[in-house]
Amino acid sequence: MRQVPNARSEFTTGARAFVPLSMSIIPFGVVCGAAASTAGMTPLQALAMSWVIFAGSAQIAATQLFAGGAPLLVILATGAIVNLRFLMYGASLAQHFRSLGRRWQVTIAYLLTDQAYALTVVHSTQHPERQDHLHWFYLGLAGATWASWQLATIAGILLGSLVPPSWSLDFIVPLTFIAMVVPLLGDRAMSLAAAAGGLASVLLVLPLKLNLIGAALIGVAVGLSAEKLRVEA
Amino acid sequence: MSTVGSGPTGDLLVWSMIIGIGAATFVIRLAPIALLAHLELPRWLKQALRYVPPAVMAAIIAPPLFFAGGEPTMSPDLPRVAAATLAALIAWRTRSTLWTVVVGMLALWGLQAVLG
């Protein structure tokens, strides 16, 4: 039964790896589309967020800041800080994709998400013999993620305006993030970073909607300190 | 201090925001893949970046539990805090976004109906 891995089979394997992820990505995309559209963006703008930015957390943060009347510079800085984590993913993927041409690197970079990164690393650890076709696995997985994200955004744009506010569907945003953050909390330093970020976001009173940036920096500082104390203890 | 309103507004603001964040995000995504093929990020930066997701996500989760309806208040919105706590337990047990969202929403609606 064992087939020799080739580009097409790895692409299919990658696309199939998306199926369980779709349960989290599709609802999140619907939320992003609905939030952008209820914040007052045109359908074209709401959809452009999903294919130009293609990063749910930054899209939600930017949408909320836009709805709250934050200045452009704060929105841009917040979006960039929320996405800084991609530096870490890219640095880790770079060793796998260093021999690829520029066009592949640009495609891989554009499609990079938390999920594509995590599953690609898992796949490459489990199947070191398929290393030569890892970029095809990535393309199948990240391509399926991209297409579903766009369709989910469209669904959100269409549905967002139909649902009355009394249904409290905005609550799906924190719920989606709870589902993403809870699995990270196995480690004490990570839990402390989350606790500090959450507390600071509520208690900090910063001008110009700088709260998210301030809270993120405090959370990172607390996480690092906790790690340092643990190492020294 | 207050520069709000002096920047672009309306359509121009939205497009500047989309293109600006999109461009910054693309550079952040591409730079390490294109440039770091043989280099390593400094250790302190790698360590710091690990804590960005939990800190940012918690900072996105917390305010809507207090600021229901968009109005800043210092008192927690009881149904929302209770529903979020239940959702966190479900997330811990099931690791499923779908179940977390479904149980959290049902809990919120139930609590809102009961507590008015």
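Protein chains get the first letters and strands the later ones, always in sequence-line order, with residue 1 at the start of each.
The number of heavy atoms from other shown groups lying within 6.0 Å of CH2 (B:W99) does not exceed 12.
For B:W92, the parts sitting under 4.5 Å from any heavy atom of chain A are the backbone and the side chain alike. Only the side chain of A:L184 comes within less than 4.5 Å of a heavy atom of chain B; its backbone N, CA, C and O stay farther away. With a 4.5 angstrom heavy-atom cutoff, A:A48 touches chain B via backbone and side-chain atoms both. The parts of A:L44 that come within reach of chain B are both its backbone and its side chain, each placing non-hydrogen atoms under 4.5 angstrom from that chain. For A:M41, the part lying near chain B is the side chain, with the backbone staying farther off; criterion is any non-hydrogen pair under 4.5 Å. Looking at B:L30, the atoms closer than 4.5 Å to chain A (heavy atoms on both sides) sit in the backbone and in the side chain alike. Proximity to chain B involves both the backbone and the side chain of A:A189, based on heavy atoms less than 4.5 angstrom apart. Residue A:A196 does not touch chain B at all, counting heavy-atom pairs closer than 4.5 Å.
A:T145 and A:Q115 are not linked by any side-chain donor-acceptor pair at a separation below 3.5 angstrom, with hydrogens and angles left out of the test. If you check the side chains of A:T42 and A:Q45, you find a donor sitting under 3.5 Å from an acceptor. A donor-acceptor contact closer than 3.5 angstrom links the side chains of A:R102 and A:Q105.
Per-residue counts of heavy-atom pairs under 4.5 Å with chain B were compared for A:A109, A:G197, A:G40, A:A39; the largest is that of A:A109. Taking chain A as the reference chain and counting heavy-atom pairs below 4.5 Å, the highest number among B:A58, B:A83, B:G20, B:A23 is found for B:A58. Chosen from A:G79, A:G219, A:P174, the residue pairing most often with chain B at heavy-atom distances under 4.5 Å is A:P174. Residue with the most contacts toward chain A among B:V52, B:T100, B:V101, B:I18: B:I18 (heavy-atom pairs, distance under 4.5 Å). Ranked by heavy-atom pairs under 4.5 Å with chain B, the first of A:F171, A:F177, A:F66 is A:F171. Between chain A and the residues B:L45, B:I28, B:L98, the largest count of heavy-atom pairs under 4.5 Å involves B:I28. Chain B forms more heavy-atom pairs under 4.5 Å with one residue of A:A215, A:S168, A:A216, A:A58 than with any other, namely A:S168. Contact count versus chain A (heavy atoms, under 4.5 Å) is highest, among B:P54, B:S96, B:A91, for B:P54.
Looking at A:E227 and A:R188, no side-chain N of the basic residue comes within less than 4.0 Å of a carboxylate O on the acidic one, giving no salt bridge.
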Step-by-step side-chain contact (heavy atoms from CB on, under 4.5 Å) determination, A:F54 to B:T25: CA-CA 9 Å; A:F54 186 49; B:T25 303; over 6 Å; no
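Each of A:L76, A:V74, A:I81 was compared with A:T78 under the side chain to side chain contact (heavy atoms under 4.5 Å, CB included) criterion, and only A:V74 meets it.
The backbone N or O of B:L65 lies less than 3.5 Å from no partner atom in the side chain of B:D77, so there is not a single donor-acceptor pair.
The closest side-chain heavy-atom distance from A:Q59 to A:W149 is below 4.5 Å.
Ring centers of A:F86 and A:Y117: at least 6.0 Å apart, outside the cut-off.
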